[in-house]
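Worksheet for the structure shown next.
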Amino acid sequence: MSPVLALVPLAEESVPAETFQLPQIDYAALAPMLILFGVACVGILVEAAFRRFPRARIQLPLALLGALAALVVVIMTAGKRTITAGGAITIDGPALFLQGSILVLGIVALLLIGERTLERGGAFVAQAAVTANTEADRSQAATSEGASEVFPLSMFALGGMMLFSTANDLLTMFVALEVFSLPLYLLCALARRRRLLSQEAALKYFLLGSFASAFFLFGVAMIYGFAGRVDFSGIDQAVVGSAASPLLLYIGLALLVIGLLFKAAAVPFHVWTPDVYQGAPTPITALMAACTKVAAFGGLLRVLYVAFGRSQWDFQPVIGTVAVLTMIVGAVLAVTQTDIKRLLAYSSIANAGYLLIGVVALNKEGLSSSLFYLVAYGFTVLAAFGVVTLVRDADGEATHLSRWAGLGRRSPLLAGVFTFILLAFAGIPLTSGFTAKFGVFAAGVEGGQTWLVIAGVVSSAILAFPYLRVVVLMWLSEPSESTPAVSIPGALTSAALMIGTVATLVLGVVPTVLLPIATRAAEFIR
Amino acid sequence: MSNFPYLSLLTVAPAIGGVVVALLPKDKPELVKRIALGWSVAVLAVAVAMWAGFSAGGPRMQFRESYPWIPAWDVRFTFAADGIALVMLALIALLVPLVILASWHDAENSRRSVPVYFALMLFLESTMIGVFAAADVFLFYVFFEVMLVPMYFLIGSYGGQQRQYAAVKFFLYSLVGGLFMLAAVVGLWVLGGHTFDWQTLIKADFSTGTERWLFLGFFLAFAIKAPFFPFHTWLPDAGGAAPAGAAALLVGVMDKVGTFGILRYCLPLFPNASKYFAPLGMALALVGIVYAALLAIGQNDLKRLVSYTSIAHFGFIGIGIFAFTTQAATGAVLYMFNHGLATGLLFLVVGMLVARRGSALIGDFGGAGKYVPALAGVFFFAGMASLALPGTSPFVSEFLVLVGTFTVNKTVAVVATFGIILAAGYVLWMIQRTIQGTPNPALERVEAAKRDISLREAVVVTPLIALILVLGFYPKPVLDVINPAVKATLSDVGASDPAPTAGAITKEAGK
């Protein structure tokens with residue numbers, strides 16, 4: 001306990017009971033988030049204080065150290081179970097697990113974001129305000145040092161995601177939603193090449209994201225009208241005890257879930273995903289695919305398990321239907337894609353469907369298997385986008401699939417890594433994709449949702465085709481003249497790729513390193 | 001019986017060999033091949049030692065080993081072999097060195113990496129052995145799926161025309177089946193008490209509906225793998241496009257995972273559902289026998305033709321399994337072994353012919369026996385073994401299947417017998433159109449087509465010919481091993497052999 005807390009009882013004695021009380025704050029429990037937000041603020045000061053050139057050299061180590069420090073604190077407080085900050089924040093097993101996952105995946109994503117050797121000045125534009133496709137834009141694409149604001153922005157996003165998965169009431173959750181969304185909207189617009197596509201992606205993400213936020217906020221209002229409270233344990237009691245009309249509950253829950261499913265990229269709230277994944281700078285796409293997914297599902301799990309667990313009969317069929325749609329639509333549309341980033345986007349949609357099986361299962365297995373899935377998928381998808389950043393020609397990344405033909409001949413090692421990643425996505429055993437899928441499927445059957453498992457199996461079969469098509473292109477097709485050279489990865493990208501691939505292998509071969517941790521963590525507190 | 005960890009050694013050793021071979025330099029193909037061959041021969045030696053250590057009258061599952069893998073799900077590396085698995089393991093260990101020797105020049109001719117080709121062969125051997133040696137359902141599933149990857153690259157990278165299409169089709173078909181099996185495996189785990197241990201699971205009881213669904217999940221995967229009609233369309237493509245050596249392993253061993261899976265998993269785990277669906281299995285098998293034989297007659301590509309014959313043969317194995325008599329089931333298992341020898345030999349010889357002529361089309365041959373008499377003789381022998389001529393080992397198994405089926409279902413046995421006539425048709429016609437008759441003038445111009453069997457090729461075919469002949473006259477060593485396992489499997493299903501008709505008649509006469 002910190003000394004601040006020891007003083008609190010004294011304060012209580014000295015003020016009358018009716019007056020406003022300072023909430024108790026367990027700073028140790030909040031430390032990881034405070035570190036991240038603190039580092040982000042320092043990053044902004046660095047932006048203001050230093051000239052352009054040394055900034056990136058300072059920002060990357062700063063961000064990495066900050067995230068590492070936060071991670072160390074998360075690991076040190078692994079046994080902590082508390083509700084703090086006036087009931088706004090819960091630190092329990094899932095919260096700590098999610099925070100840890102966001103940090104680990106975030107560090108790997110930061111490595112990709114920090115890569116500056118693939119392209120002069122990195123993957124980001126120097127000045128986003130320069131009109132696209134003008135002479136000035138071309139010259140800055142060719143020569144300028146990329147913006148280093150991406151690091152503080154990423155740190156704010158990561159901090160927001162951590163807050164999102166630990167929020168204990170709907171208002172804190174909404175604030176966290178905005179804290180991590182706004183930096184992401186900006187980051188999407190910062191691609192060095194194909195500026196128009198990037199700006200379009202950012203605008204689309206921003207507009208649709210704002211709608212989703214509005215839905216969420218509406219939902220909060222409805223739930224408040226129903227329960228008279230916004231904290232999760234209060235809602236939980238109201239679900240069975242409230243005299244208010246259940247209609248408010250249904251409408252509120254539906255609106256809330258729409259907001260959350262939007263971030264999770266579930267069908268039919270997925271339409272932004274392919275465009276944004278394609279237009280955003282690839283390292284940012286990686287960050288979104290890995291970390292945003294963790295945060296979104298962390299929030300979804302908490303809301304459904306903790307606040308609305310007792311009305312499961314009302315929402316289980318609906319979310320189950322969404323899960324089926326997500327799996328099938330994601331898989332079917334992935335088949336028709338010709339751009340690797342869009343293909344991975346649809347695959348990420350389908351994966352959201354598999355995750356929803358774990359969510360709908362609404363049991364301890366469902367929770368622990370979803371947690372495991374999030375980490376396993378995060379590592380794999382980071383490595384996948386890491387490979388995408390490497391396959392490039394003079395105009396930047398070559399993302400059209402036809403350009404990948406014969407890549408296995410040109411650079412067997414990289415093609416081998418990507419093949420392994422694709423096999424993991426396809427759920428072939430000895431990869432984390434298989435163990436993760438097995439976990440959610442088992443939880444689904446356990447939770448009486450066998451129909452979802454059948455849909456999952458069918459969609460996995462469909463989804464195997466686009467993955468295989470890429471494998472065929474890389475290995476079995478002859479290289480053409482337009483097959484781009486593969487850049488030698490810099491140390492940072494190599495590290496990110498290695499971490500992602502090794503984690504995919506390790507979690508597939510010896511999942512025991514993570515499964516017991518996920519199982520131990522899988523208990524919410526109210 | 002001994003405690004030596006034969007099964008895990010057999011599984012791991014080829015994989016290590018694969019890694020070693022893959023790491024060898026590309027510019028030393030001879031070294032690569034020698035090491036690959038030596039390694040597979042060493043594996044064969046281990047397998048022979050294991051066979052010697054197997055006690056035919058001993059417990060059902062022998063050489064059991066068990067190591068923890070994923071405690072959270074109670075997944076273990078459990079290996080154990082019954083007689084059925086033992087003969088299949090022996091078949092793999094025997095075929096792989098022969099295939100490696102037979103594929104000596106295949107990789108160079110395809111102008112792809114030589115070390116990778118032989119490394120894939122060894123990885124394939126490792127996963128195939130794993131499939132038959134696993135006694136943990138999860139472990140079985142892992143090998144079942146991983147097995148696809150090396151074969152996919154063998155077909156896709158080293159195959160002939162249409163290799164990409166064939167490889168993808170092969171992978172997707174198997175994967176779809178595998179995924180339905182995954183759903184069933186998950187169901188089995190949840191309902192069977194959260195364990196994957198085969199010996200525990202066979203004691204579990206399920207409600208009728210559940211049992212049927214689980215059975216179908218497994219059966220679909222195995223029916224695609226075997227393949228049974230109507231899930232067979234991938235095999236002619238894959239067999240036609242694969243390099244001959246890989247095709248021999250594909251049809252000779254990998255497809256047996258399907259029938260082995262039915263015997264090892266469907267029957268003991270879901271006995272009631274097995275009985276319920278037996279007529280379905282029987283019908284699919286029967287249609288397969290006739291339909292595939294008819295299609296085989298119509299083929300003009302040698303490798304596709306052999307693939308179709310193999311589908312017909314799997315029909316025989318299928319009816320042998322679902323007849324639920326000891327004779328038929330023993331015959332089916334013996335057929336799995338003999339078919340591996342006979343079709344493996346046929347595929348390898350076809351590969352030798354195709355390599356000489358540079359084409360697999362029957363029309364490009366004709367009278368080839370005039371130029372390559374010895375090779376033509378081997379081809380003729382392989383054809384005869386394939387149509388189950390008495391004196392060759394497939395005859396024994398086919399006879400047992402038919403006799404065993406006849407005692408319980410005369411119609412099926414009679415219809416299946418027509419399959420033998422059709423088999424004579426496609427084999428004899430194939431031989432007549434390729435090696436007999438007036439020589440094709442085009443052959444005159446192909447120098448390679450006049451080179452008779454080489455020493456290396458003779459070494460490949462001799463052990464197979466010898467085994468086919470020896471087991472054709474004296475199948476007892478194999479039958480002794482198979483019989484107890486088959487009896488145990490059938491007692492799991494609760495099937496009992498009908499009393500011999502002759503005995504019944506004498507009894508009645510005695511009254």
Side-chain angles (χ1 to χ4, degrees), chain A residues 365 368-369 372 408-409 412 416 419-420 423 426-431 434-435 437-448 450-465 467-469 471-477 508-520, chain B residues 22 26 68-73 75 112-113 116 127 130 138-149 152-153 155-159 163-191 194 196 210 213-214 217 220-221:
Chain A
E365 290 81 12
S368 65
S369 63
F372 182 84
R409 302 284 185 83
T419 305
F420 177 71
L423 290 177
I428 300 294
L430 302 186
T431 65
F434 171 66
T435 43
K437 247 181 213 157
F438 180 84
V440 290
F441 285 180
V445 173
E446 195 97 48
T450 310
W451 64 299
L452 294 184
V453 176
I454 303 289
V457 161
V458 172
S459 85
S460 305
I462 302 172
L463 206 47
F465 179 71
Y467 298 144
L468 266 192
R469 210 171 41 138
V471 175
V472 167
L473 266 177
M474 287 194 302
W475 292 103
L476 311 185
S477 299
V509 179
V510 274
T512 304
V513 296
L514 190 64
L515 270 178
I517 302 176
T519 312
R520 268 203 305 278
Chain B
K26 264 185 195 175
W69 182 12
I70 311 174
W73 298 332
V75 176
R112 298 245 176 175
S113 163
V116 172
T127 52
F138 189 94
L139 189 65
F140 171 79
Y141 179 79
V142 166
F143 282 118
F144 186 85
E145 293 280 271
V146 173
M147 189 169 66
L148 302 179
V149 179
Y152 169 78
F153 282 106
I155 298 175
S157 294
Y158 299 91
R163 57 200 164 86
Q164 298 189 5
Y165 170 79
V168 171
K169 192 168 178 181
F170 158 76
F171 198 96
L172 283 182
Y173 264 71
S174 301
L175 190 72
V176 168
L179 283 167
F180 280 99
M181 184 163 89
L182 174 64
V185 167
V186 170
L188 189 65
W189 181 71
V190 171
L191 303 169
H194 295 90
F196 285 109
T210 315
W213 282 112
L214 293 178
L220 182 64

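Throughout, a chain's letter reflects where its sequence line sits, starting with A, and its residues are numbered from 1. From a predicted model like this one, the values you see are computed outputs, not experimental measurements.
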### Message
Run Y165(B) and V472(A) through side-chain contact (heavy atoms from CB on, under 4.5 Å) and show every step you take.
### Response
CA-CA 9 Å; Y165(B) 170 79; V472(A) 167; over 6 Å; no

### Message
What I'd like to find out is whether the side chain of V471(A) reaches to under 4.5 Å of the side chain of F171(B), using heavy atoms alone.
### Response
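No - every pair of side-chain heavy atoms lies 4.5 Å or more apart.
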
### Query
Is there side-chain contact between F438(A) and Y141(B), with at least one heavy-atom pair below 4.5 Å?
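Result no, sub-4.5 Å side-chain heavy-atom pair not found.
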
Please classify the contact between [X] and chain B as side chain, backbone, both or neither, with a heavy-atom cut-off of under 4.5 Å.
X: S460(A); value: both
X: R409(A); value: side chain
X: I462(A); value: neither
X: T435(A); value: both

### Task
Give the ring-plane orientation class for W475(A) versus F153(B), where under 30° counts as parallel, over 60° as perpendicular and anything between as tilted.
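W475(A) vs F153(B) ring planes: perpendicular.
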
### Query
How are the rings of F372(A) and W73(B) set relative to one another: parallel (under 30°), tilted (30 to 60°) or perpendicular (over 60°)?
perpendicular

### Message
Would you compute the distance between atom CG of L468(A) and atom CG of L148(B) and round it to the nearest 0.5 angstrom?
### Response
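Reported to 0.5 Å precision, the distance equals 9.5 Å.
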
### Task
Nearest 0.5 Å please: distance from the CH2 atom of W189(B) over to the CZ atom of F441(A).
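Answer rounded to 0.5 Å: 14.0 Å.
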
### Query
Between A461(A) and L179(B), what is the shortest heavy-atom contact and its length?
N-CD1, 3.4 Å

### Query
Closest approach of I70(B) and P511(A), non-hydrogen atoms and distance?
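Here I70(B) and P511(A) meet closest at CD1-CG, 3.3 Å.
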
### Task
Could you have a look at L172(B), L182(B), L175(B) and say which one has the most heavy-atom pairs with chain A under 4.5 angstrom?
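Looking at each of L172(B), L182(B), L175(B) in turn, L172(B) comes out on top.
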
### Query
For V75(B), is it the side chain, the backbone, both or neither that has a heavy atom under 4.5 Å from a heavy atom of chain A?
neither

### Query
Is it the backbone or the side chain of F143(B) that comes under 4.5 Å from a heavy atom of chain A, or both, or neither?
neither

### Message
Using the side chain to side chain contact (heavy atoms under 4.5 Å, CB included) criterion, which residues pair with L473(A)? Sequence neighbours excluded.
### Response
L401(A), A405(A), S477(A)

### Message
Between W69(B) (side chain only) and V509(A) (backbone N and O only), is there a donor and an acceptor less than 3.5 Å apart?
### Response
yes

### Task
Tell me, out of G427(A), G408(A), A442(A), who's got the most heavy-atom pairs with chain B below 4.5 Å.
A442(A)

